[in-house]
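To start, the structure itself, in C-alpha cells.
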Amino acid sequence: MTSEICLFTRNSVAKAKQVVANPDEPADPEGGGGFAEWAMLTLHALRIELNKSYRVALDLLSEMPGVLAEIGLTRLPHYTVLRTWFARIPTKTWRAFLGATAEKRTGHASIDATGFDRDQPSRHYANRTDYRVRALKVTALVDVETLYITDIHSTTSKKHDAKIGPQVARRNAGDLRSLAADKGYDAKAFRDELRQNGVRPLIKHRLFNSLDHAHNARMDSDRYHQRSMSETVFSSIKRTLGAAVRARSWWLEFREMLLKATVYNLRRSVRFP
C-alpha cells in the first residue's frame with residue numbers, strides 16, 4: 001500500500017506543476033543544471049509537512065527513496081540552496097500553489113483571524129534588528145463545507161479586520177456565494193461591496209440600537225454559525241504544523257504562512273480524497 005507521505009508528495013507534485021511556467025522540465029536536469037521550480041515547491045511543502053529545519057528535512061528525505069522517486073529526483077539540493085529558492089520563488093507563485101490545492105469549493109466561506117508567534121529569533125537578534133512585533137496576524141478565507149483554505153492574508157501591523165476583510169473578499173469575489181464573519185468585520189461599506197459582487201454577507205451587526213438587533217435576528221443562523229470552521233482550521237494548523245513562524249524577515253513569514261496553508265490543504269486531499 002502506498003504510504004501517506006508518498007501520496008502527499010504525489011499530490012504536491014501535481015499541484016506544483018499546475019502553477020509553474022515549465023511543468024515539463026525535469027526535476028534535476030542532467031549536467032548539474034539546477035532544479036525545476038515545481039520540484040522546489042514540492043520540497044518546501046515536504047519541509048513544512050515534516051516540521052523540520054532545512055538541514056534536517058533534507059537529511060530525512062535523503063533516506064526516503066520512495067518519496068524522491070515521486071518527485072523524480074536523483075539528488076537533493078544543499079540546504080542553503082533550498083533556503084535560497086524560498087526567497088527566489090515569487091509570492092504570486094506561492095499564492096497560486098495555495099489556490100491549486102483548494103480544489104473543492106462550494107462558494108460558502110468564512111473569514112477570521114488569529115496570531116502566529118514570531119518568537120523564533122533569539123533575544124539578541126530581536127534587539128539588534130528592532131524586532132518588536134511578536135505576533136503575526138493571519139486572516140484565512142475558509143470554505144465552510146470542505147474546510148479548504150482558499151486565501152491567506154498576513155500582516156505585522158494592527159490593521160483592523162474591517163479593512164482586511166474587503167481586501168481578501170475582493171481577490172476571491174468570483175468564487176464566493178456567501179461570506180460569514182464575526183462583528184469585527186462589521187462595516188456597511190464591506191457589506192455593500194459584497195452584495196455588489198453577488199456575495200451574500202453573513203456578518204453580525206454590532207449592537208447600537210434596536211435595528212441592529214432586528215438585522216441579526218433575520219440572519220440565517222445555520223450559515224452564520226459555520227464561521228466557527230475557520231477556528232477549527234486554525235486549530236488544526238497550529239497543532240500539526242506549529243503555532244510559530246521561523247523565517248526572520250516579515251515578507252518570508254508571509255510566504256511561510258501561505259505554505260502552511262498549502263500543506264494543510266494537501267493533507268486534506270490525501271486523507272479525504
Side-chain angles (χ1 to χ4, degrees), residues 2 4-19 41-42 44-46 48-49 92-114 116 138-154 161 164-182 184-185 194 197-204 219-243 255-273:
T2 306
E4 189 170 294
I5 193 167
C6 280
L7 291 174
F8 175 93
T9 306
R10 187 180 303 168
N11 195 23
S12 180
V13 167
K15 301 304 180 184
K17 285 185 174 181
Q18 291 179 16
V19 301
L41 289 169
T42 302
H44 278 290
L46 284 165
I48 296 296
E49 166 69 8
K92 66 178 182 180
T93 302
W94 293 111
R95 284 199 175 278
F97 194 21
L98 172 62
T101 61
E103 54 190 22
K104 298 179 181 178
R105 308 186 191 192
T106 63
H108 299 292
S110 68
I111 189 170
D112 204 357
T114 190
F116 280 79
V138 179
T139 304
L141 187 68
V142 176
D143 191 293
V144 296
E145 296 186 11
T146 65
L147 295 191
Y148 279 92
I149 301 174
T150 57
D151 201 0
I152 285 284
H153 178 282
S154 302
D161 289 339
I164 296 173
Q167 182 178 341
V168 176
R170 204 173 293 128
R171 282 200 301 253
N172 300 273
D175 297 325
L176 293 177
R177 296 168 58 192
S178 69
L179 181 64
D182 60 28
Y185 296 86
L194 288 173
N197 290 320
V199 182
R200 181 185 180 189
L202 298 171
I203 304 171
K204 287 282 188 179
M219 191 172 295
D220 185 334
S221 59
D222 290 337
R223 283 286 181 198
Y224 172 73
H225 289 302
Q226 283 185 311
R227 69 179 180 82
S228 62
M229 293 298 100
S230 293
E231 298 171 7
T232 300
V233 169
F234 279 134
S235 175
S236 176
I237 291 176
K238 289 182 177 182
R239 282 185 290 104
T240 59
L241 303 176
R255 293 183 185 183
E256 187 174 341
M257 282 311 310
L258 285 168
L259 188 52
K260 279 180 182 281
T262 301
V263 170
Y264 165 83
N265 285 349
L266 289 168
R267 281 183 165 187
R268 285 199 63 80
S269 298
V270 169
R271 294 173 183 176
F272 308 101

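- When every heavy atom of Ala45 is checked against every heavy atom of Val263, the shortest pair comes out as O-CG2, 3.5 Å.
- By the 4.5 Å heavy-atom criterion applied to side chains, Phe97 and Ser12 are counted as neighbours.
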inquiry  = Working note: Tyr148 + Val142, criterion side chain to side chain contact (heavy atoms under 4.5 Å, CB included); need CA distance, chi angles, decisive distance, verdict.
reply    = CA-CA 6 Å; Tyr148 279 92; Val142 176; over 6 Å; no
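- Using a cutoff of 4.0 Å between basic side-chain nitrogens and carboxylate oxygens, Arg105 and Glu145 are not scored as salt-bridged.
- In this structure a side-chain-to-backbone donor-acceptor pair under 3.5 Å is present from Lys260 to Leu241.
- Between the CZ atom in Arg95 and the NZ atom in Lys92 there is a gap of 13.0 Å [rounded to 0.5 Å].
- In this structure, Val138 and Phe234 have side chains that are in contact, with non-hydrogen atoms separated by less than 4.5 Å.
- Thr101 and Asn265 share a donor-acceptor pair across their side chains, judged by distance under 3.5 Å alone.
- In terms of modelled atom types and a separation under 3.5 Å, the side chain of Asp112 and the main chain of Ser230 share no donor-acceptor contact.
- The shortest distance between side-chain heavy atoms of Thr150 and Asp175 does not fall below 4.5 Å.
- A heavy-atom distance below 4.5 Å is not found between the side chains of Thr262 and His44.
- Glu231 is linked by a salt bridge (Lys or Arg N to Asp or Glu O under 4.0 Å) to nothing, counting only residues two or more places apart in sequence or in another chain.
- One distance of note links NE2 of His153 with CD of Gln167; it measures 4.0 Å at 0.5 Å rounding.
- Atom CG of Leu194 sits about 5.5 Å away from atom CD1 of Ile203, to the nearest 0.5 Å.
- Between Lys204 and Asp182, every side-chain heavy-atom pair lies at or beyond the 4.5 Å cut-off.
- Contact annotation: the side chain of Trp94 approaches that of Leu41 to within less than 4.5 Å [non-hydrogen atoms, C-beta and beyond].
- Closest heavy-atom contact between Ser269 and Asn11: CB-ND2, 3.0 Å.
- For Lys238, the side-chain hydrogen bond (donor to acceptor under 3.5 Å, both in side chains) partners two or more places apart in sequence, or in a different chain, are Thr114.
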ask   = Taking it one step at a time, do Thr42 and Lys15 satisfy side chain to side chain contact (heavy atoms under 4.5 Å, CB included)?
value = CA-CA 9 Å; Thr42 302; Lys15 301 304 180 184; over 6 Å; no
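- Put simply, the side chain of Arg177 never gets that close to the backbone of Gly198: no donor and acceptor are under 3.5 Å apart.
- Put simply, the side chain of Ile149 does not reach to within 4.5 Å of the side chain of Leu141, judged on heavy atoms.
- The heavy-atom pair separating Tyr185 from Ile111 by the smallest distance is CE1-O, 3.9 Å.
- Between Ile5 and Val270 there is no side-chain heavy-atom pair separated by less than 4.5 Å.
- Remark: Leu258 CG to Leu98 CG distance equals 6.0 Å, nearest 0.5 Å.
- Pairing each heavy atom of Arg227 with each of Ala181, the nearest pair is CD-C, 3.9 Å.
- We find that Arg267 and Glu49 are joined by a salt bridge, their nearest charged nitrogen and carboxylate oxygen being less than 4.0 Å apart.
- Put simply, the side chain of Ser110 never gets that close to the backbone of Val144: no donor and acceptor are under 3.5 Å apart.
- Under 4.0 Å is where a charged nitrogen must lie from a carboxylate oxygen, and between Arg171 and Asp151 at least one such pair does.
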